[in-house]
Protein chains: 2
Amino acid sequence: MYTPSDFPPFAVTVDLVVLTVRGDALCALLVRRGEAPYRGRWALPGGFVQVAESVEAAAVRELSEETGVSGLHLEQLGTYGEPRRDPRMRVVSVAYLALAPDLPVPVAGTDAAAASWVPVGEASGLAFDHDRILGDGVERARAKLEYTALGTAFCSAEFTVAELRRVYEIVWGVSLDPRNFHRKVTGVEGLLVATGESTSRDGGRPAALFRRGVAEVLHPPLVRAPGP
Amino acid sequence: MYTPSDFPPFAVTVDLVVLTVRGDALCALLVRRGEAPYRGRWALPGGFVQVAESVEAAAVRELSEETGVSGLHLEQLGTYGEPRRDPRMRVVSVAYLALAPDLPVPVAGTDAAAASWVPVGEASGLAFDHDRILGDGVERARAKLEYTALGTAFCSAEFTVAELRRVYEIVWGVSLDPRNFHRKVTGVEGLLVATGESTSRDGGRPAALFRRGVAEVLHPPLVRAPGP
DNA sequence: GCAAAAGTGTTAAACATACACCCATGA
DNA sequence: TCATGGGTGTATGTTTAACACTTTTGC
């Protein structure tokens, strides 16, 4: 144990699945690769873990570099370590999932030709095994919306119940009853904090504005159900 | 990008959280370290990922080496990559969770002084950051029992409803109503397959014996509730 | 017979769904 | 005044928790 032959040349990277709700679609942040391999292909943003930084810190740093924002919800998604997933060398990649509100079009990353929001339904043929990582991230996000308060992570600081409902409808691809959804989310203690303000930006009667509360889990959970 | 300086000397390992229900306690498989650092301390079994093998394959291999069994449920738990978690060098470790029936006392591993089942309540002061990894594994196991069929992974090939209930009671640390539990698990389609046999090994009226079914998820989930 | 555990039936309360209905605003 | 979306009330059906009760074994 612990002889030099035990330490083959591994590189460790982080890959980021950054999701947002834009228009009518769940979108992922992708970058166009400027170098071989997979030059010109879409890929997940990411990069190498530095010697002195934790893997988590590398994810936070890359996220900030690619989106220009910080403070997003960030959680580890999984680690992908097949021997030939990168044709040049042995790379083990730790994937992270971030949920973002509808940010302005992201700045082009430091070493990426272009960065853009792409609807997840149109994102395929990505570089490396990123199709699979993105799929895992979307699946995780869908599942977490059921029993955690993460739906609010897709909303801006102040939001209406209808805006939160739209997040659920788009991420799950279903229709939800506005009346029952309203009662459900306002009934979960600690999920929403009323600001006292209201807005009529959605048309019709002004809706109350809320901020995220402290609740992390949903009791009872919201359950996916088909609509009309 | 991709210059030699991007590849600092990372070692990649796997660590295994192997859990079982033994007697009245949830137990983890631990090994006594035979070498520095942390010589003499309890640690999670694990080892280095080989150059040509996938991370998942390394976990399967180590599990088989440490327990002598294969075919257990094995899932990725998370990756731990703090810079100083191993005092000698930069090590990134991918942790896996395995759930096992009450196996015979494990064989001593190839490079471990001793291997033993230790109740998770008594397992602290482990080597490296293994306290945290073990805690995360136990938490994951508890959560997964709610909405997946993994409780049966703790049972031997043929088991009674009462034995499955004991798994839930011990892992969650609660009491469950035997009548309602029986109705619930036998009502989930594909969870249990009746063998037609019965046993009176638990005393009282003989209980029907079941095998694991094909169901992976529980609809509806079992929910933790406090008992008397 | 008695204790112990398996398994079934029943009931009341909690919850979810569907939808009727009223409210507040912009055009 | 009408269209649009916000929000409340309520009837109906489903799920669940609690527990009374019957069954089948060992001693």
Side-chain angles (χ1 to χ4, degrees), chain A residues 24 145-147 151-152 155 158-170 172 174-189 191-211 217-228, chain B residues 24 145-147 151-152 155 158-170 172 174-189 191-211 217-228:
Chain A
D24 289 335
L145 253 56
E146 289 195 33
Y147 59 94
T152 59
C155 298
E158 299 199 341
F159 55 91
T160 68
V161 171
E163 287 160 3
L164 180 60
R165 176 166 49 84
R166 238 177 57 84
V167 165
Y168 278 83
E169 292 182 327
I170 289 171
W172 284 348
V174 299
S175 297
L176 299 172
D177 185 298
R179 288 86 48 113
N180 292 335
F181 183 86
H182 185 280
R183 198 192 342 255
K184 236 168 178 171
V185 296
T186 53
V188 176
E189 195 156 353
L191 177 61
L192 302 178
V193 178
T195 63
E197 309 283 307
S198 66
T199 179
S200 55
R201 63 189 176 214
D202 298 327
R205 167 176 166 181
L209 281 168
F210 295 88
R211 260 191 279 274
V217 282
L218 251 43
H219 275 299
L222 284 154
V223 196
R224 288 185 248 189
Chain B
D24 289 334
L145 254 55
E146 288 196 33
Y147 59 95
T152 60
C155 298
E158 298 199 342
F159 55 91
T160 67
V161 171
E163 286 161 2
L164 180 59
R165 176 166 48 84
R166 236 177 59 84
V167 165
Y168 276 84
E169 292 182 328
I170 289 170
W172 284 350
V174 300
S175 297
L176 298 172
D177 185 299
R179 288 83 54 107
N180 291 336
F181 184 86
H182 185 279
R183 198 188 345 252
K184 236 168 178 170
V185 296
T186 54
V188 177
E189 194 155 353
L191 177 61
L192 301 178
V193 178
T195 64
E197 309 284 305
S198 66
T199 179
S200 56
R201 63 189 175 212
D202 298 325
R205 167 175 166 182
L209 281 168
F210 295 88
R211 261 190 279 273
V217 282
L218 251 44
H219 276 298
L222 285 153
V223 196
R224 288 186 248 189

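Protein chains get the first letters and strands the later ones, always in sequence-line order, with residue 1 at the start of each.
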Quiz item: Listed by chain and number, what are the side chain to side chain donor-acceptor pair (under 3.5 Å) partners of B/Arg211, not counting sequence neighbours?
Solution: B/Glu158
Self-check item: Name of the residue among A/Leu191, A/Thr152, A/Asn180 meeting side-chain contact (heavy atoms from CB on, under 4.5 Å) with A/Val185
Solution: A/Leu191
Practice problem: May I have the distance from B/Glu163 (atom CD) to C/dA5 (atom C1'), rounded to whole angstrom? | Solution: 12 Å
Quiz item: Roughly, in whole Å, what's the span from CG in A/Leu164 to P in D/dG7?
Solution: 12 Å
Quiz prompt | Rounded distance (Å) that lies between atom P of C/dA16 and atom CG of A/Leu176 | solution = 14 Å
Are there any protein N/O atoms within less than 3.5 Å of an N/O atom in nucleotides 10-13 of chain C, and if so, which ones and at what distance?
none

Exercise. Report the distance from atom CZ of B/Phe210 to atom P of C/dA6, rounded to the nearest whole Å.
Key: 11 Å
Quiz item: Sequence neighbours excluded, which residues qualify as ring pair (Phe, Tyr, Trp, His ring centres under 6.0 Å) partners of B/Phe181?
Solution: B/Tyr168
Quiz item: To the nearest 0.5 Å, what is the distance between OG1 (B/Thr195) and CZ (B/Phe159)?
Solution: 10.0 Å
Exercise. Measure the distance from CG on A/Asp202 to P on C/dG26 and round it to the nearest whole Å.
Key: 13 Å
Exercise. Using atom CG of B/Asp177 as one end and atom P of D/dA20 as the other, report the distance to the nearest whole Å.
Key: 11 Å
Quiz prompt | Whole angstrom value for the distance that separates C1' of D/dA18 from CZ of B/Phe181 | solution = 17 Å
Self-check item: Minimum-distance pair of heavy atoms, taken over all atoms of A/Gly151 and A/Leu164
Solution: C-CD1, 3.6 Å
Quiz item: Can you pull the salt bridge (charged side-chain N to carboxylate O under 4.0 Å, His left out) pairs that have at least one residue in residues 194-209 of chain B, sequence neighbours excluded?
Solution: B/Glu163-B/Arg201
Between the protein and nucleotides 21-23 of chain C, are there any N/O to N/O pairs under 3.5 Å, and if so, what are the atom names and distances?
residue, atom, partner, partner atom, Å
C/dC23, O2, A/Arg205, NH1, 3.2

Practice problem: Scan A/Arg165 against the nucleic acid and name what it touches under 4.0 Å (heavy atoms): base, sugar-phosphate only, or nothing. | Solution: sugar-phosphate
Quiz prompt | Smallest separation among heavy atoms of B/Ser200 and B/Gly204, with atom names | solution = CB-O, 4.1 Å
Exercise. Quick one: list whatever passes salt bridge (charged side-chain N to carboxylate O under 4.0 Å, His left out) with B/Arg179, sequence neighbours left out.
Key: B/Asp177
Practice problem: Could you say whether B/Ala208 or B/Gly204 is positioned toward the 5' end of DNA chain C, judged by the nucleotide with the nearest heavy atom to each? | Solution: B/Gly204
Quiz item: When rounded to the nearest 0.5 angstrom, what is the spacing between CG in A/Leu192 and OG1 in A/Thr160?
Solution: 10.5 Å
Quiz item: Between B/Ser200 and B/Pro221, which is nearer to the 5' end of DNA chain D once each is assigned its nearest nucleotide?
Solution: B/Pro221
Quiz item: Do the side-chain N or O atoms of A/His182 get closer than 4.0 angstrom to the phosphate oxygens (OP1, OP2) of D/dG7?
Solution: yes
Self-check item: Whole-Å gap separating P (C/dG9) and NZ (B/Lys184)
Solution: 19 Å
